[in-house]
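Notes for the one structure printed next.
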Amino acid sequence: MPVARPERQEPRVIAHVDMDCFYVQVEQRKNPDLRGVPTAVVQYNSWKGGGLIAVGYEARKFGVKRSMRGDEAKRVCPDLQLVQVPVARGKADLNLYRSAGSEVVAILSKKGKCERASIDEVYLDLTDTAKSMLLEAPPEGLDSIPEEALKSHVLGLGSDANKEEDVRKWLCRPDADYEEKLLACGAIIVAELRIRVLHETQFTCSAGIAHNKMLAKLASPMHKPAQQTVVPASSVPDLLASLPVKKMKQLGGKLGSSLQDDLGVNTVGDLLKFSEQKLQDYYGINTGTWLWKIARGISGDEVEDRLLPKSHGCGKTFPGPMTLKTTSSVKHWLNQLCEELSDRIQSDLDQNKRIAQTLTLHARAFKENDLEPQKKFPSKSCALRYGASKIQEDAMRLFESGLSEFLNSKNVGWGITSLAVGASKIIDIPNGTTSILKYFNEKCISSNSSDCSDALLEEPNHTVTSISKRDDENPKSRAPTESAFHTKGLSDKNANVKGTILRYFSGSSCSSSNQSSANKIDLEEHERTVIASELNSNPNPNNNWGFNIEEIDPSVVDELPLEIQREIRGWIHPSKRINTGKRGSTIAHYFSPARN
Ligand code: TTP
């Protein structure tokens, strides 16, 4: 359920930039012969000419729509050029589009805090840039206003023959209040950015410029392609009065339906009839307040400083005759999807030092003689283990668990029309974080870094237990895996944990030393999580780790941070044990921040 965030008192200038028919533009840049020609990008399969996923604006004029299949689109527009999405592992390979999106993000992010919201959408917080402009070069003092800015659509300004002149006057009003002056600066900055994007990438984009993310996002598609729309505060009531609730982000689903069915609210403006108290009575305090605020165009959501995606996902649909009807066909396709997911999270790890923690499986399914057709295939998640084979294994188990729930354990025929796997809860690996492994990296370095990191990254979150774990089939990765990370649900916990830490203390699990620094950091991060989880679950205060202290090589202890040395020496010589209860002095405390 949506939650209202506190708004900032200071006015903000936020832009939402959305690329126009993005995949089509990428294909047109690749093949300039397609420019100006009706074009659509199709995810090809033999069923009715494949599904359209992007439609160029020239093709839209002929009535071609994304919901069409290739054959139907060709009937509507015989000259339509259908370009196939690149294929890898039997499914769409979107890398070309992803990196094209990154080119744009690189340009936009130079002007303000930038949040990459999807493959082709970005939020920008331009408040500081707009403030500087207002101080140093306010619009009314400029010799000329960029033409692109003059073409802006300013809501509430009306549209007549003198539109550009009206926009110029609006941008340069000396009597406007500070908030609106900032917005005018924002409009000029965005116009310049869009020109830059076009020059440097050959892509056009559209934008909404407003005082918050919600309004900017509503405005960006209002005038497409290659245009921008500005939302002055005074235009907000009119904008929302006629906006269907379902068009509002977060109101497309059940909440929006409930507003329509239970309260008779059809437009966002209709919400104004209800007091905050009334909305809270219906939907709870948080959501009630959120609804009350969006009805007034108020939203405190901040632009996050994030140039990288929040999650990774890959999916494939199996329409019509392609429907998957056997476990082995599902396994085949899940393996393809998981391989791609694994490649992507691995390169995120290598390039950006980020770890994904949760694996999720989604599917669309039907069953024979269905008496409850509204019942959906349940999405399932578990802790993500790195390494393609482990992801494949876990995804298959998630599928089996979801299928059994979906079928209610009945033995009936079923079909899968779509499969997707996702990696989420992505966290940065803090650079320079002190952790035990930092002190052991030199001793614990695999000769095959990917094997070692695979094993060590195996189970980032022990609390997720929806899937029982088996040892990996790869014997190379099994060695550190089986003892190090199977800490839950095993009877001989000591023996198990002993393997975890003593391997590093004795330096026996790995050898040689050519692992990349990225992988070293991965080891640290993961080990910290594992150790913290062990610490929290072990009740013995004298030996939190639950292994035989006598087996620790004292020379290794010397290399630890002082506070940890003291704690370990306290276990080895309990009589001399210092008080480690003080905040910040225990290993548990030492590692706990990373768990969050
Ligand atoms: P959108 O931004 O939704 O659409 P678009 O850029 O094609 O067109 P518009 O100018 O109307 O914004 O999607 C961005 C890209 O994401 C799109 O080019 C193709 C891809 N996409 C899919 O693959 N499947 C989908 O269902 C949607 C909606 C988009």
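Remember, it's 1-based here, ligands and their atoms both numbered in the order they're listed.
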Atom indices of ligand 1, in the order listed, that fall short of 4.0 Å to a heavy atom of [X]:
X: D20; value: 6 (O), 10 (O)
X: R60; value: 8 (O), 9 (P), 10 (O), 11 (O)
X: Y57; value: 9 (P), 10 (O), 11 (O)
X: K224; value: 9 (P), 10 (O), 12 (O)
X: M19; value: 6 (O), 10 (O), 12 (O)
X: D120; value: 2 (O), 6 (O), 14 (C)

Point to revise | Contact check, side chains of L263 and L279, non-hydrogen atoms, under 4.5 Å | key: yes
Review point. Is the closest side-chain heavy-atom distance between V421 and H362 below 4.5 Å?
Key: no
Mind checking whether [X] contacts ligand 1 via backbone (N, CA, C, O), side chain (CB onward), both or neither, at a 4.0 Å heavy-atom cut-off?
X: I53; value: both
X: Q25; value: neither
X: Y97; value: neither
X: V24; value: neither
X: Q43; value: neither

Review point. For the residue pair T323 and G415, what are the closest heavy atoms and their distance?
Key: CG2-CA, 3.7 Å
Check your understanding: For atom NZ of K110, is the number of surrounding heavy atoms from other residues, nucleotides or ligands below 6.0 Å larger than 12?
Key -> yes
Could a heavy atom of [X] be found less than 4.0 Å from some atom of ligand 1?
X: C21; value: yes
X: R66; value: yes
X: E27; value: no

Exercise for review: Measure the distance from atom 18 (O) of ligand 1 to every protein heavy atom, then report the residue, atom name and distance (to 0.1 Å) of the closest one.
Suggested key: Y23 N, 3.0 Å
**Study point:** Residue and atom name of the nearest protein heavy atom (relative to atom 6 (O) of ligand 1), distance in Å to one decimal
**Key:** F22 N, 3.0 Å
[X] with [Y]: basic N within carboxylate O range, under 4.0 Å:
X: R397; Y: E393; answer: yes
X: D428; Y: K353; answer: no
X: K380; Y: E405; answer: yes

Review point. Is the gap between the ring centers of F399 and F377 under 6.0 Å?
Key: yes
Review point. Below 6.0 angstrom between ring centroids: does that apply to F318 and W333?
Key: yes
**Study point:** Side-chain donor/acceptor of R194 to backbone N/O of S206, under 3.5 Å
**Key:** no
Review point. Hey, does the side chain of S118 reach the backbone of D120 with a donor-acceptor pair shorter than 3.5 angstrom?
Key: yes
Review point. Are any of the N or O atoms of I119 closer than 3.5 Å to those of ligand 1?
Key: no
